[in-house]
Amino acid sequence: QVQLVESGGGLVQAGGSLRLSCAASGRTPSTYTMGWFRQAPGKEREFVAAVSTSGDSTNYADSVKGRFTISRDNAKNTVYLEMNSLKPEDTAVYYCRATYLSITSIVASGIGGIWGQGTQVFVSS
């Protein structure tokens with residue numbers, strides 16, 4: 001029903017910024033809660049941020065609060081993750097996720113829903 005394609009990853013120095021984008025195809029992407037997860041090599045995939053269907057409610061992992069901002073533009077079928085003050089521990093593949101779960105329920109479930117292929121973020125020290 002929905003396909004997701006992430007972009008915007010790359011190499012950045014600690015303290016720098018990146019803006020990730022997730023382009024969604026499909027006629028009704030606005031009916032989904034959208035989230036960002038990340039996975040470092042050898043680590044479990046972890047929740048980063050989520051935004052409600054309307055875009056007016058958000059949820060963040062404690063590790064990124066105050067540094068990352070998630071937003072969505074339903075007219076463009078796109079969700080964004082603005083990442084500031086990046087740290088080496090932010091290095092991971094970042095995945096976009098579409099789900100009918102709420103922005104709070106999405107935190108406890110790192111599987112299911114529709115996932116993109118991921119975009120690599122590497123933060124050098």
Side-chain angles (χ1 to χ4, degrees):
Q1 185 174 3
V2 176
Q3 293 182 329
L4 308 174
V5 180
E6 303 96 333
S7 62
L11 174 64
V12 64
Q13 293 186 52
S17 300
L18 284 174
R19 187 194 191 209
L20 306 184
S21 297
C22 174
S25 65
R27 195 168 70 182
T28 59
S30 61
T31 64
Y32 293 89
T33 292
M34 300 298 296
W36 287 96
F37 287 69
R38 66 187 182 187
Q39 187 168 24
K43 301 293 183 65
E44 294 292 320
R45 190 171 297 186
E46 65 176 351
F47 169 77
V48 176
V51 60
S52 63
T53 56
S54 64
D56 57 7
S57 297
T58 57
N59 191 22
Y60 297 93
D62 289 340
S63 60
V64 305
K65 284 182 179 178
R67 300 189 298 120
F68 291 9
T69 301
I70 187 172
S71 62
R72 67 192 298 165
D73 186 338
N74 287 337
K76 295 183 177 181
N77 294 330
T78 303
V79 61
Y80 306 95
L81 185 67
E82 187 74 36
M83 305 186 295
N84 300 309
S85 302
L86 283 163
K87 305 174 181 179
E89 52 262 44
D90 294 319
T91 295
V93 176
Y94 284 70
Y95 297 91
C96 184
R97 181 189 183 188
T99 176
Y100 286 120
L101 295 171
S102 70
I103 61 171
T104 53
S105 295
I106 192 176
V107 177
S109 179
I111 59 175
I114 303 168
W115 296 83
Q117 291 299 119
T119 185
Q120 175 70 241
V121 171
F122 188 90
V123 185
S124 62
S125 60

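In this structure, the separation between OG on S30 and CG on D73 is 11.0 Å, given to the nearest 0.5 Å. Taking CD of Q120 as the reference point, atom CD of Q39 lies at 11.0 Å (rounded to 0.5 Å). For the atom pair CG of N84 and CZ of F68, the computed distance is 8.5 Å after rounding to the nearest 0.5 Å. Note that the CD1 atom of I70 and the CE atom of M83 stand 11.5 Å from one another [nearest 0.5 Å]. In this structure, M34 CE and T58 OG1 are separated by 14.5 Å, a value rounded to the nearest 0.5 Å. Annotation: the span from T99 atom OG1 to W115 atom CH2 amounts to 9.0 Å, rounded to 0.5 Å.
Residues A49 and L81 share a closest heavy-atom pair of CB-CD1, 4.1 Å. The heavy-atom pair separating T53 from N74 by the smallest distance is O-ND2, 3.0 Å. For the pair Y32 and R72, the tightest heavy-atom approach, listed with the atom from each and the gap, is O-NH1, 2.8 Å. The two residues A14 and S125 come nearest to each other via the heavy atoms CB-CA, 4.5 Å. For the residue pair I106 and G35, the shortest heavy atom distance occurs at CD1-CA, 4.1 Å. The nearest pair of heavy atoms linking L101 to S109 is CD1-CB, 4.2 Å.
In the hydrophobic clustering of this structure, L18 does not group with Y95; members are Ile, Leu, Val, Met, Phe, Trp, Tyr whose side-chain heavy atoms approach within less than 4.5 Å, directly or through other members. A continuous path of Ile, Leu, Val, Met, Phe, Trp and Tyr side chains, each step under 4.5 Å between heavy atoms, connects V12 with V64, placing both in one hydrophobic cluster. Taking hydrophobic clusters as Ile, Leu, Val, Met, Phe, Trp and Tyr residues chained together by side-chain heavy-atom distances below 4.5 Å, V107 does not share a cluster with V79. Linking Ile, Leu, Val, Met, Phe, Trp and Tyr whenever their side-chain heavy atoms come within less than 4.5 Å leaves F47 and V51 in two separate clusters. No path of Ile, Leu, Val, Met, Phe, Trp and Tyr side chains, each step under 4.5 Å between heavy atoms, connects Y80 with L4, placing them in separate hydrophobic clusters.
Aromatic ring centroids of Y94 and F37 lie 6.0 Å or more apart.
Between Y100 and T31 there is a side-chain heavy-atom pair separated by less than 4.5 Å. A 4.5 Å side-chain heavy-atom check between L20 and R38 finds every atom pair outside the cut-off.
Remark: the backbone N or O of T119 is not paired with any side-chain donor or acceptor of E6 at under 3.5 angstrom.
The neighbour count for Q3 CD, taken as heavy atoms of other residues, nucleotides or ligands under 6.0 Å away, does not exceed 12. Residue-environment remark: CD (Q117) stays at or below the threshold of 12 foreign heavy atoms within 6.0 Å.
Residues D90 and K87 are not paired through a salt bridge, judged by the lack of any N-O separation under 4.0 Å between the basic side chain and the carboxylate.
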